[in-house]
Amino acid sequence: MSLKDSVRYELVTGEPTTVDDTTITPETRVLSVRWPNGGWVWNRPVAVVVEQEGQIERLPIVDVTRVAQISLYGFSLFIALLTLIASLGLRRKR
C-alpha cells in the first residue's frame with residue numbers, strides 16, 4: 001500500500017436535496033488515513049452549494065468553534081511567551 005493510497009485529503013460533495021425549485025448540495029473536506037487493519041476518517045463541512053432558478057451560489061460554512069479555539073491557543077502562546085520574557089528579564093536584573 002503506497003502513501004498516496006493510505007492518506008487522502010479531498011473535497012467530497014454529498015447527496016443533493018431538492019425542495020420545490022431549490023437544490024442544496026453539501027461539501028465536506030475529508031482526511032482519511034488507512035492502514036492494513038483499519039483506518040481513521042475526519043470530515044469537516046466547508047460549504048453548501050445552492051442552485052435556484054439556474055443560479056448557483058456557494059455558501060461557505062464558518063466554523064466558529066475552530067476560530068475560537070485557534071484564537072485561544074494563540075492568546076495562550078502569547079501569554080506564555082510574555083511570561084518567559086518577563087522571567088528572563090527579572091533573572092538578569094539580579
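Under the salt bridge (charged side-chain N to carboxylate O under 4.0 Å, His left out) criterion, the residue pairs touching residues 59-73 are Asp63-Arg66, with sequence neighbours excluded. Pairs passing the salt bridge (charged side-chain N to carboxylate O under 4.0 Å, His left out) check and including a residue from residues 79-89, sequence neighbours excluded, do not occur. Residue pairs that meet the side chain to side chain donor-acceptor pair (under 3.5 Å) test with at least one member in residues 36-45, sequence neighbours left out, do not exist here.
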Please set out all donor-acceptor pairs under 3.5 angstrom arising from side-chain atoms of residues 69-81, sequence neighbours excluded.
residue: Ser71; atom: OG; partner: Val67; partner atom: O; Å: 2.9
residue: Ser76; atom: OG; partner: Leu72; partner atom: O; Å: 2.9

Enumerate donor-acceptor pairs with a distance under 3.5 Å from any side-chain N or O in residues 47-62 to protein atoms, sequence neighbours excluded.
residue: Gln52; atom: NE2; partner: Thr22; partner atom: OG1; Å: 3.2
residue: Arg58; atom: NE; partner: Glu27; partner atom: OE1; Å: 2.8
residue: Arg58; atom: NH2; partner: Glu27; partner atom: OE1; Å: 2.9

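In plain terms, the two heavy atoms of Pro16 and Thr25 that are nearest each other are CB-OG1, 3.4 Å. Heavy atoms only, all atoms of each residue included: Val33 and Val7 are closest at CG1-CG2, 4.4 Å.
Looking at residues two or more places apart in sequence or on another chain, you find a side-chain hydrogen bond (donor to acceptor under 3.5 Å, both in side chains) between Thr23 and Thr18. Applying the side-chain hydrogen bond (donor to acceptor under 3.5 Å, both in side chains) rule to Thr65 yields no partners; only residues at least two apart in sequence or on another chain are considered.
Other residues sharing a hydrophobic cluster with Val12 under the 4.5 Å side-chain heavy-atom criterion for ILVMFWY residues are Val30, Val41.
Here the CD-CD1 distance, from Glu15 to Ile24, works out to 13.5 Å after rounding to the nearest 0.5 Å.
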